[in-house]
Amino acid sequence: MPPTPEIVPFAAQHLDPAATLLARRQERLRKVRPELPAGFTNPASSRPLLEKLLATEGAHGTAALIGGEVGAFLIGYPRPEPIWGRAAWSPTEGQGYEAALGPELMRDLYAAWSSHFVERGFFRQYVHAPADDPSLLDAWFTTGFGKMQAHAVRDLDLTPPTDTPFAVRRATPDDLDRIEPLMALISTALVKPPAYAITLPERYAAYRDDYTGELNDPDGRYWLAEEEGRVVGLVGFSAAEPGPMVPDGAWELGDAKTAPRARGRGVARALLAAGFAEARAAGAQHCITDWRTAALPTHRSWIALGFRPTHFRLHRHIDERIAWAGGS
């Protein structure tokens with residue numbers, strides 16, 4: 001049997017060993033994902049991630065000690081929002097374990113970590129796990145979590161379709177009225193089964209203001225496809241925030257929409273190819289994006305377009321009645 005861990009609150013003295021665990025994880029992941037940044041294989045580069053996480057308001061962590069040494073850790077923070085409710089989150093840098101001990105320790109850590117948040121009314125809980133660590137994913141699945149969001153990457157070598165009836169060009173502020181019919185497409189698609197992901201009514205009213213800002217942003221990188229005077233597709237890119245799961249200098253695809261009547265005709269591929277060419281010219285080599293895994297057309301489209309998941313957001317919703325139905 002594996003050694004019995006001592007589960008303790010994460011404290012300052014655990015920062016250095018936890019940073020080492022993160023650095024070792026990065027080394028393991030880069031063997032199958034060489035595009036991931038090498039800088040985070042250095043514990044000195046990983047430690048600031050943990051310090052920033054611990055500085056988040058309400059942050060709480062647990063550490064598993066084996067023979068007095070940190071064998072695993074789990075850190076997260078509360079995030080109450082209209083959509084997520086009272087939720088607790090742990091990002092990819094919020095967990096790590098010693099490979100020789102295995103990820104089963106994460107289950108012990110979660111028991112203590114989750115209790116801290118459940119006692120404070122945070123019944124929705126989200127953790128992130130690398131796609132290339134199936135044993136860790138299995139540990140989370142066995143503990144009641146399921147996949148919710150895929151975060152993925154691909155290179156920028158994409159050939160556009162040929163002989164298409166639509167034209168692709170950069171979007172400008174003058175296109176605001178023409179793209180308005182596409183603005184809510186993601187929200188209206190996600191609410192359908194089996195995704196059942198809601199968008200509150202007030203968000204629909206804000207879309208036009210959002211796009212006004214995006215199209216007037218000098219750093220904005222929006223492309224559109226038009227056919228017979230109508231916009232049939234739109235994509236938006238930005239510089240990706242650096243992180244362990246983000247290739248150095250990557251661009252992020254943060255917005256992508258195709259009009260229902262134009263789907264299946266290569267619109268998304270043509271728009272991506274145009275954006276990727278611009279990204280390559282700017283020195284980038286990769287693009288990242290994310291999507292709900294339960295959104296069937298979306299998931300299948302991005303996989304078909306060559307995006308490969310690097311990590312997943314996992315979700316568990318604990319029955320709120322545990323607050324009063326847990327026995328004496």
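As the structure is a computational prediction, the values presented were derived from the model and not from experiment.
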Testing the 3.5 Å rule here: is there a donor-acceptor pair between the side chains of [X] and [Y]?
X: Gln125; Y: Tyr110; result: yes
X: Gln95; Y: Trp140; result: yes
X: Trp113; Y: His60; result: no

Under a 4.0 Å N-O cut-off, is there an ion pair linking [X] with [Y]?
X: Arg265; Y: Glu227; value: yes
X: Glu104; Y: Arg107; value: yes
X: Lys52; Y: Glu93; value: no

Tell me, yes or no, whether the heavy-atom count around Glu226 atom CD, taken from other residues, nucleotides or ligands under 6.0 Å, exceeds 12.
-> yes

Might you confirm whether atom CZ of Arg261 has over 12 heavy atoms from other residues, nucleotides or ligands at distances under 6.0 Å?
-> yes

Any idea which heavy atoms bring [X] and [Y] closest together, and the distance?
X: Gln13; Y: Pro17; result: O-CD, 3.6 Å
X: Ala294; Y: Pro194; result: O-CG, 3.2 Å
X: Cys287; Y: Glu252; result: SG-C, 4.4 Å
X: Leu190; Y: Ala195; result: O-CB, 3.3 Å

Looking at Tyr97, is Arg28 sitting on its ring face, NZ or CZ under 6.0 Å from the six-membered ring centre and within 45 degrees of the normal?
-> yes

Only distances under 3.5 Å count here; give the side-chain donor-acceptor pairs of residues 72-83 to other protein atoms, sequence neighbours excluded, each with its distance to 0.1 Å.
unit_1 : atom_1 : unit_2 : atom_2 : d
Arg79  : NE     : Glu81  : OE2    : 2.9
Glu81  : OE1    : Trp84  : NE1    : 3.1

Taking ring pair (Phe, Tyr, Trp, His ring centres under 6.0 Å) as the test, write out the residues that go with Tyr204, two or more places apart.
->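 Expected list: Tyr207.
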
Evaluate the salt bridge (Lys or Arg N to Asp or Glu O under 4.0 Å) criterion for residues Arg33 and Glu35: first the C-alpha distance (whole Å), next the side-chain angles of each, then the deciding distance (0.1 Å), finally the verdict.
-> CA-CA 5 Å; Arg33 298 285 187 139; Glu35 69 270 22; 3.7 Å; yes

